[in-house]
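Indexing begins at 1, ligand by ligand and atom by atom, following the structure's order.
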Amino acid sequence: MTPAPRFAYVTLVTNADYALGATALANSLRRTGTEAAIVILHTGGVGAASLAPLESLGCRLIEVEHLPLSDAFNERHARGSLHAAAPFTKGRKPAFHSPLDNFCKLRLWQLVEYERCVFIDADAIVLKNIDKLFDYPEFSAAPNVYESLADFRRMNSGVFVARPSEETFRRMLELLDQPGIFWRRTDQTFLETFFPDWHGLPVYYNMLQYVWFTMPALWDWKSISILHYQYEKPWEKDHPKATRLQPLIDLWHSFHTGGPVPEIASLANPDEAG
Ligand code: UDP
Ligand code: MN
């Protein structure tokens, strides 16, 4: 009998749209040859038909509840109130994105059967083996770079390395919901506050899609480990940035269908694409 894996890649899926994303992610992880578990945290909002492809890929599906948060907290972080209080000016969140759902990521700390977990947003794909991240300390994450150099000061919570612990989870819940508190970028702002001395991963562990057109000099296919489709999703039909991002959207679809995938290192970088 093979021993139960000590390491897991973990993602979160709260509706059918993100299940599409997770399917491409799981396909991409399988292609890296990893032996770590692939865990899908899902809430009651996802139908069996949406989860079936993930099951076929051998993912471990774990149903989770939303966090026990106060009504006031939930109202402040509901989509309408959050978008009004802290509008998104750089890109557009799809209608199926519910900011409150992001906080379910914290359930990862309850997966204490694993020594280390690498969380990856469901809107990302893994382009090469990243198992060495399981040797990295808690809390490791990459910078939130998609517009300018100043972005290197901030963290993006789409990819991170964590050590599950009920004690950490308990402390998180204590800090999370306090009277009047507002986490403007939800789990991301919270995790940045909870782990103020976060370890920086290279930007290529969480390459945000906008870099393709905002900072093309930074793009380097052979260096990119994880490609993350922040804001507009590659499975949205004709989104406002679809024309500019077409090569990245095509790549996502090749992972989603599970068919042949191009040789990544030989893809054209944006400055070469003409
Ligand atoms: N997510 C989800 N349902 C939601 C919102 C978020 O399942 O309604 C999960 C999903 O894994 C997603 C992640 O939380 O990838 C963060 O949201 P998203 O990736 O849309 O945010 P962005 O990367 O655009 O900031
Ligand atoms: Mn994301």
Please name the pair of heavy atoms, one in [X] and one in [Y], separated by the smallest distance, quoted to 0.1 Å.
X	Y	result
Trp219	Leu208	CZ3-O, 3.8 Å
Leu201	Pro143	O-CD, 3.4 Å
Phe169	Leu106	CD1-O, 3.3 Å
Ile224	Lys128	O-CE, 3.7 Å

Pairs involving residues 14-54, ordered by first then second residue, that meet ring pair (Phe, Tyr, Trp, His ring centres under 6.0 Å) (sequence neighbours left out)
Tyr18-Phe96
Checking ring pair (Phe, Tyr, Trp, His ring centres under 6.0 Å) between Tyr9 and each of Phe119, Tyr114, Phe134, which is the one that passes?
Phe134
If the contact criterion is a heavy-atom separation under 4.0 Å, does Gln188 count as touching ligand 1?
no
Between the side chain of [X] and the main-chain N/O of [Y], is any donor-acceptor distance below 3.5 Å?
X	Y	result
Trp198	Glu192	no
Thr214	Tyr210	yes
Trp235	Gly21	no

Under 3.5 Å between some N or O of ligand 1 and some N or O of [X]?
X	answer
Lys93	yes
Tyr229	no
Gln230	no
Leu12	yes

Hey, which atoms in ligand 1 end up nearer than 4.0 Å to a heavy atom of [X]?
X	result
Asn15	8 (O)
Asp121	13 (C), 15 (O), 16 (C), 19 (O), 23 (O)
His228	23 (O)
Phe96	8 (O)
Tyr231	24 (O)
Val13	7 (O)
Asp123	15 (O), 18 (P), 19 (O), 23 (O)

Name all residues meeting the ring-ring contact (aromatic ring centres under 6.0 Å, His included) criterion together with His83; count only those two or more places apart in sequence or in a different chain, and write none if there are none.
Phe88
Around [atom], find the nearest protein heavy atom and jot down its residue, atom name and distance.
atom	result
atom 7 (O) of ligand 1	Thr14 N, 3.0 Å
atom 8 (O) of ligand 1	Ser98 N, 2.8 Å
atom 15 (O) of ligand 1	Ala122 N, 3.1 Å
atom 20 (O) of ligand 1	Tyr18 OH, 2.5 Å

Just one of Val10, Val126, Leu12 clears the side-chain contact (heavy atoms from CB on, under 4.5 Å) bar with Ile120, so which one?
Val126
Hey, looking at atom 6 (C) of ligand 1, which of Asp101, Asn102, Asp17 has the closest heavy atom?
Asn102
If you measure from the Lys or Arg side-chain nitrogens to the Asp or Glu carboxylate oxygens, is any gap between Lys222 and Asp220 under 4.0 Å?
yes
Please check if the distance between the ring centroids of Trp109 and Phe160 is under 6.0 Å.
yes
If a pair satisfies salt bridge (Lys or Arg N to Asp or Glu O under 4.0 Å) and one of its residues is in residues 102-123, list it, with sequence neighbours excluded.
Arg6-Glu115, Arg60-Glu113, Lys105-Asp121, Lys105-Asp187, Asp123-Lys233
So, at under 2.8 Å, which protein N, O or S atoms would a careful student list around the Mn ion (ligand 2)?
Asp121 OD2, Asp123 OD1, Asp123 OD2, His228 NE2
